[in-house]
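In what follows, a structure is listed as structure tokens, so that the remarks can point back to it.
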Amino acid sequence: MKTRAALLGLAIILSPSCKGKSSPSDASDVPDGADDALEADADDDADTDADDAEDAPPATLSTALLIDLDLLHHSAWLDLKSAADDASISLDYRRFFPHVTLADIDGESAYQMIIVAGGGAPGMAAARLSVDERQTLVDFVDAGGVLVLLAQPTRLDSFYGENDWFVMNLVLEDLESAMRIDKGSLLGALYLGDPEPAHLDDEIGYATLLEFDMGYAWLQANTATDLTLDGPLPSGRASVLRTSPGDVEVLLTAPPGASVWIRTAGTLFEQIWTIADDRPVAAVERLGDGLVAIAPRYLVTLTGAGGQVSEHPAAATATMDRVPAFVDFLIGHLKDLHDGTTDFSPTDPSSGRDDPFCVGAPGMPPRCADLSVTIAAAPSTWDVPDAPPDADLMEPFSDSDPSDAAPTVPLFASSPGRIGYGGMPWDPAQAATVFSEASTLGLHALVGGFTPETLVTGEMTTTDADAKRAKMAELADVAEAQSARWLVGSYYTGHVYNSNPSAFPRSVGAQNQTYSAPPLLYEPLWDDYLIPAAVEVATVSASHPGIAGILVDMEMYGTVLTYTDAQSFDDTTYDAYVDTVTDAGVRTMLEAQPVTTRLDALVGAGLLGDYISTLHDAAAAIGARYRAAVDALDPDLVVALYFPGYPTAWQYRGLVEGLGTSTNPVVILSYDPYSRPARANQVAGGASIVHVGGPIVSHFPPSLLTTVLENCTTFTDGFWYFSHDEISASGTGDLTHGTREEYRDAILIAGD
């Protein structure tokens, strides 16, 4: 049994049902008696269990617990649930209490497998993996449990994922594991076309959620294992591993030539190194009677969560189909290893790691003298409780069929839908060109940016505003004359907020990180600007049928692209929940919480699920108000939203469920065609949504663009593309991979 190292100067997090802990005053102090008792009890239990089971065959692995530190909706984990079902494992997703307890590792309610998916904390915070939990996880493995760490990639120059990277490595060190999770983000060779686009280079793609990132690493199966994959396996950004010789099976490796971000010095290029030999990415190690597995988090959620913002999966559907095959193998293989039906086969994974993991974090001394790595923020503390709060903390997996038929949208004359996206020329002759092309290409609509919000912000004179309204009507008539239809483009934050950010509150996360974007529940943004802008469009569309609808670009310009469930602790959002609490004592307790303890207070009180549900309903109410306002003028007006990926957080689920009706579903455009399972899951829950996947056209040669668009049609409810400006006859400048005519022909072929 490994012993817990002393924890020094840790930040205190207090909540109603987690015991506060005084910070030790000097380096000789250790955590309080509750932790000592935990360690002693776990030692006694583990020793007794080992004696009793010395000659007994291992019990069949049949129960598993998922803890997702990003709190994602269950539709993000559909592949994992399917793999568990295939292995006859009952999978619980305790979404609303993202911590381990003593009951999880001992007694009648104990699990045989615990899966911990690292979050983006503290930079993009959800509930953080606590330092106090690591001994519980160590005890779990020592007693014969199977621990799966789904590592969130982190870079040396980033907050994201650091807390969980730190604690996961402490667990591995305490277990005396041969594995460590590197502090680096793997970027793979992505572009399938030859040559690559001139304006993008896979050596400088930053591991962010931008649609221009190098978001997928192409991995390969280790031929020494039972995993047989005919070709590479894609993972949304993948943490690489360091290993020492030990009882380790390497399942996946990054091939030579992959790029890894590290901190060196100087320029952007000097922060990247290219691996020369296979580097472990997913691996399993036997530690006594237990098992520890490490795999990239983004690999396991790839087809369910959305957010892997890249168009390239649509160009390689056979490759993408290997993702659920790997998840199925991983869970089945761990079960077989646990049950003893498969021999453990170490594959000599040494990657030359000579040094132990050493760390100096705020309030914690280095674990060894010769090396320290400082993380960005103090690690989370949360005393390990006997059991979770007495509340409904589970997230049930609801059934959904990806083949569910898309609802009928007034915009689409046939199914599936086809949409182009670009700018809108104000010159009628140029507008006639782009609308004529849209009609010739068989598009059901062409998105054209127009920013109707400027009509309601007060920034225009009455004369100029009237002229803009007249121009909208004129362009609508141009579209109708060309047998085309126009989706008038507007922005969620791109104009109103960015024009006067000081006039709006900002979204704040659980660790007080601030986004340069307003909270989605800030009602004046909707009631004073976004809904009135939609009313302006609907007023014109009611008498000018060339306007088919309005598209709201939900990309949050100037900040990250999507909210997460835990980017929800600004006063606007938090008070929206607190105001609904009727219990005076609970309400007083919640009102007293500063930003940095609000999430933990809700988790400890067993209220996080109610919190997310309440906020979801508030977002749905905003969507319903928006829909009602346009319906009063033009009930056929289509409302469409652009997201880089298909987000599953409460903010977006609620909004789209409010916007869509049975007679006029909301249309979602995203770059992620593999988000269809999430869309199908939401439709199965009663939402009226059509999801259309699409690419950035200039990233592909015309021949490959046809394949990409056809695959989008196969995996979503149609296709869209960006940007029509680049390939229009009215455009200027040179294209990298072909002529404008060749691109338009490729789109026409895909539509046929």
Side-chain angles (χ1 to χ4, degrees), residues 407-413 417 419 421 424 444-457 465-466 468-477 479-480 484-496 520-554 617-643 651-669 687-692 720:
T408 301
V409 182
L411 171 66
F412 299 152
I419 299 175
Y421 197 138
M424 179 50 60
H444 298 105
L446 184 68
V447 177
F450 195 74
T451 323
E453 308 93 288
T454 58
L455 296 170
V456 298
T457 56
D466 287 342
K468 185 165 185 175
R469 293 183 182 98
K471 176 60 67 172
M472 182 165 28
E474 178 185 23
L475 296 177
D477 292 343
E480 185 180 14
R485 304 190 76 193
W486 178 21
L487 286 176
V488 178
S490 67
Y491 296 90
Y492 167 56
T493 63
H495 180 78
V496 173
L520 190 143
L521 292 188
Y522 185 61
E523 295 189 353
L525 173 66
W526 295 92
D527 294 336
D528 297 344
Y529 302 104
L530 300 183
I531 293 176
V535 167
E536 291 280 356
V537 175
T539 300
V540 176
S541 68
S543 55
H544 295 270
I547 294 178
I550 183 170
L551 181 135
V552 183
D553 186 335
M554 296 295 293
D617 292 345
I622 289 174
R625 284 208 308 279
Y626 190 110
R627 180 75 257 174
V630 297
D631 279 354
L633 297 163
D634 183 357
D636 291 328
L637 190 78
V638 171
V639 177
L641 304 176
Y642 158 73
F643 296 108
Q651 295 94 333
Y652 304 106
R653 289 182 66 87
L655 182 63
V656 300
E657 287 170 19
L659 284 170
T661 68
S662 59
T663 57
N664 202 342
V666 65
V667 177
I668 293 178
L669 310 184
S688 294
I689 301 167
V690 167
H691 170 229
V692 180
W720 71 284

request  = Give a yes or no answer on whether the side chain of Trp486 reaches the backbone of Gly448 with a donor-acceptor pair at less than 3.5 Å.
outcome  = yes
ask   = Are Arg625 and Asp527 close enough, and set up right, to give a side chain to side chain contact (heavy atoms under 4.5 Å, CB included), and what steps lead you there?
value = CA-CA 9 Å; Arg625 284 208 308 279; Asp527 294 336; 3.0 Å; yes
task = Please indicate whether Phe450 has more than 12 foreign heavy atoms, meaning atoms of other residues, nucleotides or ligands, lying under 6.0 Å from its CZ.
result = yes
message = Are Leu411 and Ile419 packed together at the side-chain level, in the sense that at least one heavy-atom pair is separated by less than 4.5 angstrom?
response = yes
key: Closest non-hydrogen atom pair between Val666 and Val639, with its separation   = CG2-O, 3.3 Å
query = Side-chain contact, heavy-atom cut-off 4.5 Å: Val488 with Met424?
reply = no
note = Distance col, row Tyr492:OH vs Leu525:CG, nearest 0.5 angstrom, shows 5.5 Å
task = State the CG-CD distance between Leu633 and Glu536, to the nearest 0.5 angstrom.
result = 10.0 Å
note = Tightest non-hydrogen contact, residues Leu659 and Arg627, listed as O-CD, 3.0 Å
task = I would like to know whether Leu655 and Trp526 meet side chain to side chain contact (heavy atoms under 4.5 Å, CB included); could you show each step before the answer?
result = CA-CA 12 Å; Leu655 182 63; Trp526 295 92; 3.9 Å; yes
inquiry  = Tell me the closest heavy-atom pair linking Asp477 and His544, and the distance in Å.
reply    = OD1-ND1, 2.8 Å
task = Search all heavy atoms of Ala629 against all heavy atoms of Val535 and return the closest pair with its distance.
result = CB-CG2, 4.0 Å
note = So CG of Asp617 and CD1 of Ile622: to nearest 0.5 Å the spacing works out to 11.5 Å
inquiry  = To the nearest 0.5 Å, what is the distance between OH on Tyr529 and CG on Leu455?
reply    = 13.5 Å
query = From Ser490 OG over to Leu551 CG, what is the distance, rounded to the nearest 0.5 angstrom?
reply = 7.0 Å
Beyond-backbone contact of Ser688 with Thr661, side-chain heavy atoms, under 4.5 angstrom = no
query = Does the side chain to side chain contact (heavy atoms under 4.5 Å, CB included) test come out yes or no for Ile550 and Val630, once each step is laid out?
reply = CA-CA 10 Å; Ile550 183 170; Val630 297; 5.6 Å; no
Ring geometry between His444 and Phe412 (parallel below 30°, tilted from 30 to 60°, perpendicular above 60°) = tilted
task = Measure the shortest side-chain to side-chain distance between Val656 and Phe643 over non-hydrogen atoms and say whether it is less than 4.5 angstrom.
result = yes
request  = Applying side chain to side chain contact (heavy atoms under 4.5 Å, CB included), run through Arg469 and Thr539 and close with a yes or a no.
outcome  = CA-CA 10 Å; Arg469 293 183 182 98; Thr539 300; over 6 Å; no
inquiry  = Once rounded to the nearest 0.5 Å, what's the spacing between atom CD1 of Ile689 and atom CD of Glu657?
reply    = 6.0 Å
request  = Check whether any side-chain N or O of Trp720 sits under 3.5 Å from a backbone N or O of Gly417 as a donor-acceptor pair, and report yes or no.
outcome  = no
query = Which heavy atom in Thr457 sits nearest to a heavy atom in Val496, and how many Å separate them?
reply = CG2-CG2, 4.2 Å
key: Non-hydrogen side-chain atoms of Leu530 and Val552 separated by less than 4.5 Å   = no
ask   = Taking the side chain from Asn664 and the backbone from Pro410, do they hold a donor-acceptor pair closer than 3.5 Å?
value = no
key: Side-chain donor or acceptor of Glu453 paired with backbone N/O of Tyr491 under 3.5 Å   = yes
query = How far apart are the closest heavy atoms of Pro407 and Val690, and which atoms are they?
reply = O-CG2, 3.4 Å
